[in-house]
Amino acid sequence: MSLIKCEQLSKSYGSKLALNSVSIELSSGSPIALVGPNGAGKTTLFSLLCGYLLPSSGSVTILGEKPSSKALLGKVSSLPQDATLDPNLNLITQFTLFGTLQGLTAKAAKDEGLRVLSLVGLSDVSEQKPQSLSHGMGKRASIAQALIGSPQLVLLDEPTAGLDPANAKVIRDLVKTLSTDITFVISSHNLDELEKLCDQVLYLDQGQLGQSVSIQENLTDEYITVSMQSCDKTQLISEISAINGVNSVTQKQEDEFLIHYSANDVIELEVQLFQLFSQNNWRYRAILKGRSLEDKLFS
Ligand SMILES: Nc1ncnc2c1ncn2[C@@H]1O[C@H](COP(=O)(O)OP(=O)(O)OP(=O)(O)O)[C@@H](O)[C@H]1O
């Protein structure tokens, strides 16, 4: 059975059509990215999936059920972009309350609260109120709240927005670890982050679902993306273009170059690239097989 199924799903706010006939069918598994410009309809789609909003037309089901149905209690949860915890209650008190709202006994709810706090590394602050937490800890606490009851589907809206790189990595590692049991759908503007986490990317623009890109396909594409730290750009393009099997070299950004090749032996091409860098004393930042997600989506 599909995890999420939307058929010609539309949502209007008055005369504003925020979501326009979206049809998708998604299965459980690796994290799924939802990307799109501001106002594309990502939050609206999340709200429909959670049952916070009703469709104007079309249909949406999660595990075959309507989003707000009792059968989905505890199976779907979400971390809205502006989620805040109750400032008046300490973490474990409010998590216990959320657990009981999902039908757990008080004891089981407290155990569950402690379990999810431990998952996000916040056992030590379970008795503290949200205001005493740093921004990163607060975000982890909100994610912990979304994990109460071991849901099958968790929707994360900008889970690392505003976090420093170290805290963002903690959240990414957490999602990676948990994604063996939970399917995450992550809305974010951070394409680098999504590339690290997700296999599939849904692109929403002006309420319409555009392309669905599989990141894994990168592995078989005949592209290499090279980010350089220092080099002579004109010479780099000319010398790589001259390598046997290379069809084209395109400068994508200031220091990023996309190599399209038809060589059968990618390892041989990589060796030649390293030799070229070494001979010219050029330094590289990264060499990526395939195209970057940004390039796949926007070129
Ligand atoms: N409650 C509302 N009333 C009227 N219009 C709304 C409402 N909520 C959203 N919209 C409009 O619907 C469209 C989609 O908004 P939505 O918040 O779903 O986009 P988004 O992709 O999440 O944007 P962002 O990346 O900026 O968070 C926008 O044009 C927005 O202005």
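Each ligand, and each atom within it, is numbered from 1 in the order the structure gives.
Checked against a 3.5 angstrom limit, the closest N/O atoms of Gly41 and ligand 1 fall inside it. Below 3.5 Å of separation, one finds no N or O of Gly36 facing any N or O of ligand 1.
The aromatic rings of Trp282 and Phe277 are tilted relative to each other, their planes meeting at an angle between 30° and 60°.
Taking every non-hydrogen atom of Ala40 and a distance limit under 4.0 Å, the qualifying atoms of ligand 1 come out as 19 (O), 20 (P), 21 (O). Residue His189 approaches ligand 1 through these ligand atoms, each under 4.0 Å from one of its heavy atoms: 25 (O). Close approach of ligand 1 to Asn38 is summarised as follows: ligand atoms under 4.0 Å from at least one heavy atom of the residue are 23 (O), 24 (P), 25 (O), 26 (O). Atoms of ligand 1 found under 4.0 Å from any heavy atom of Ala18, numbered from 1 in the order shown, are 12 (O), 13 (C), 14 (C).
Contact between Gln81 and ligand 1 is present, with at least one heavy atom of the residue lying under 4.0 Å from the ligand.
Remark: atom 30 (C) of ligand 1 lies closer than 4.0 Å to no protein heavy atom.
Atom 25 (O) of ligand 1 has as its closest protein heavy atom Lys42 NZ, 2.7 Å. Annotation: atom 28 (C) of ligand 1 to nearest protein heavy atom, Gly39 O, 3.7 Å. For atom 6 (C) of ligand 1, the closest heavy atom belonging to the protein is Tyr13 CD1, 3.2 Å.
Taking only non-hydrogen atoms, the option from Thr43, Thr44, Leu19 nearest to atom 22 (O) of ligand 1 is Thr43.
A salt bridge links Glu270 with Lys289: the closest approach of a Lys/Arg side-chain nitrogen to an acidic carboxylate oxygen falls below 4.0 angstrom. Using a 4.0 Å cut-off between charged side-chain N and carboxylate O, Lys129 and Asp86 make no salt bridge. Taking 4.0 Å as the cut-off between side-chain N and carboxylate O, Arg115 and Asp111 do not count as a salt-bridged pair.
Residue Lys16 touches ligand 1 through its side chain alone, judged by heavy-atom distances below 4.0 Å.
For Phe274 and Tyr284, the distance between ring centers is under 6.0 angstrom.
Across every non-hydrogen atom of Leu91 and Ala141, the tightest pair is CD2-CB, 4.2 Å. Of all non-hydrogen atoms in Cys198 and Ile186, the two that sit nearest each other are SG-CD1, 4.3 Å.
Rounding to the nearest 0.5 Å places OG of Ser77 at 11.5 Å from CG of Leu72.
Under a 3.5 Å cut-off, the side chain of Ser118 and the backbone N or O of Leu114 do not form any donor-acceptor pair.
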